[in-house]
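Step one of this worksheet: look at the structure below.
First the proteins, then the strands, lettered A, B, ... as listed; each starts at 1.
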Amino acid sequence: MDYSTFFTNRSTTEITADIIGRPLTYTAGSQTMGGYIVEAEAYLGKEDRAAHSYGGHRSLANEGLYRSGGTIYLYAQRQYFFFNVATQAGNEPQGILIRAIEPVWGIEQMLVNRHGKGGVLLTNGPAKMMQAFGIHDLSWNLHSLQASPFTIELDSSHQRPARQIVRSPRIGVNQSEREWADKPLRFYVAGNPYVSRMKKRNWRTDHGWQ
DNA sequence: TCGTGGATGTTCT
DNA sequence: GAACATCCACGAC
């Protein structure tokens, strides 16, 4: 399967659930870094109060959402960067925010990029993950995944099965519009320590994998 | 270990 | 000039 097929043809909610447990990697020079996706959120386009494309809002900054499925949408907030992938056909501005990975590959390099912050602090949040990869600009915004140093493994034989995938409201969305703020559009591996805001008492020794 | 508050820069009104 | 799809240090337990 190719990226444009994977990121279209199904609802964004379904795609988000299906991306949990798949390897995400980023290669810089000869160094590959990454791990298993343990947390992601769906943003459902013009109707979604929490989406950057709410109400059809379109600008240079959020152009990526309007591109076809499989296009990288990078977004900067303050000094932090977020990694999103557009879903659906062009002009249907939906997407997925990858929020956290369980690190597996290139951990040494990610530790350096994170200035020594190890353990769960290495990648348990969207901006931490990007910092671990060493990304400090929007260079890869609007590129297709296909033609980028980012890889999401689509072969399901490499997808790590979770014991349970939990749905919850999205993190950090404005509560003034309850209807959309409360929708369970965040997906994560139950008990995985690298999920953002996961309480230590809820960690599982198997990290939530089967 | 957990919850809170301040720092931070760009975009859009 | 407000509004943020956050992070981390710090203080209370």
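- Among the protein residues, A:I171 comes within range of the sugar-phosphate backbone only, with heavy atoms under 4.0 Å from sugar or phosphate atoms but none that close to a base.
- Between A:R186 atom CZ and C:dA5 atom C1' there is a gap of 12 Å when expressed in whole angstrom units.
- At least one side-chain nitrogen or oxygen of A:Y75 sits closer than 4.0 Å to the OP1 or OP2 atom of C:dA5.
- For the pair A:R58 and A:Y66, the distance from NZ or CZ to the six-membered ring centre is under 6.0 Å and the angle to the ring normal is within 45 degrees.
- Residue-level contact check: A:A127 touches the backbone only, with heavy atoms under 4.0 Å from sugar-phosphate atoms and none from bases.
- In this structure, A:S196 does not reach the C:dT6 phosphate: none of its side-chain N or O atoms is under 4.0 Å from OP1 or OP2.
- A straight line from CG of A:N174 to P of C:dA3 spans 9 Å, rounded to a whole angstrom.
- Nearest heavy-atom pair, A:S148 versus A:L145, reported as atom, atom and distance to 0.1 Å: OG-O, 2.9 Å.
- In this structure, the side chain of A:S11 engages the main chain of A:E14 through a donor-acceptor pair within 3.5 Å.
- Counting non-hydrogen atoms under 4.0 angstrom, A:R49 reaches nothing in the nucleic acid.
- Distance, A:Q94 CD to C:dA5 P: 18 Å, rounded to whole Å.
- A cation-pi geometry, defined here as NZ or CZ lying under 6.0 Å from the six-membered ring centre and within 45° of its normal, holds between A:R10 and A:F6.
- For A:Q131, counting side-chain heavy atoms from C-beta on, the closest listed nucleotide (C:dC8, C:dA5, B:dT8) is C:dC8.
- Minimum atom distance to the side chain of A:K199 is reached by B:dC2, of the listed B:dT8, B:dC2, C:dT6.
- Of the candidate nucleotides C:dC8, C:dA5, B:dT11, C:dC8 has the atom nearest to the side chain of A:K117.
- A straight line from CZ of A:F81 to P of B:dT11 spans 11 Å, rounded to a whole angstrom.
- Figure legend. C:dA5 is base-paired to no nucleotide; pairs are counted as Watson-Crick or G-U wobble with both atom distances under 3.5 Å.
- Residue-to-nucleotide contacts include no donor-acceptor pair under 3.5 Å from the side chain of A:R78 to the base of C:dC7.
- When each of B:dT1, C:dA5, C:dA9 is scored by its nearest atom to the side-chain atoms of A:K200, the top-ranked nucleotide is B:dT1.
- Nucleic acid contact class of A:H57 (heavy atoms, under 4.0 Å, all strands): sugar-phosphate only.
- Minimum atom distance to the side chain of A:K128 is reached by C:dC8, of the listed B:dT11, C:dC8, B:dC2.
- The separation between A:L65 atom CG and C:dA5 atom C1' is 11 Å, rounded to whole Å.
- In this structure, the CZ atom of A:R197 is 10 Å from the C1' atom of C:dA5, given to the nearest Å.
- Closest-nucleotide positions on DNA chain C for A:Y73 and A:R114 were compared, and the one nearer the 5' end corresponds to A:Y73.
- Taking atom CE of A:M130 as the reference point, atom P of C:dC7 lies 12 Å away to the nearest angstrom.
- Checked against a 6.0 Å centroid threshold, the rings of A:W105 and A:Y36 count as neighbours.
- Rounded to whole Å, the distance from CD on A:Q77 to C1' on C:dC7 is 10 Å.
- Ring-base stacking between A:F82 and C:dA5 is not satisfied when judged by a centre separation under 5.5 Å and a plane angle under 30°.
- Heavy-atom minimum distance, A:A40 versus A:I20: N-CD1, 3.8 Å.
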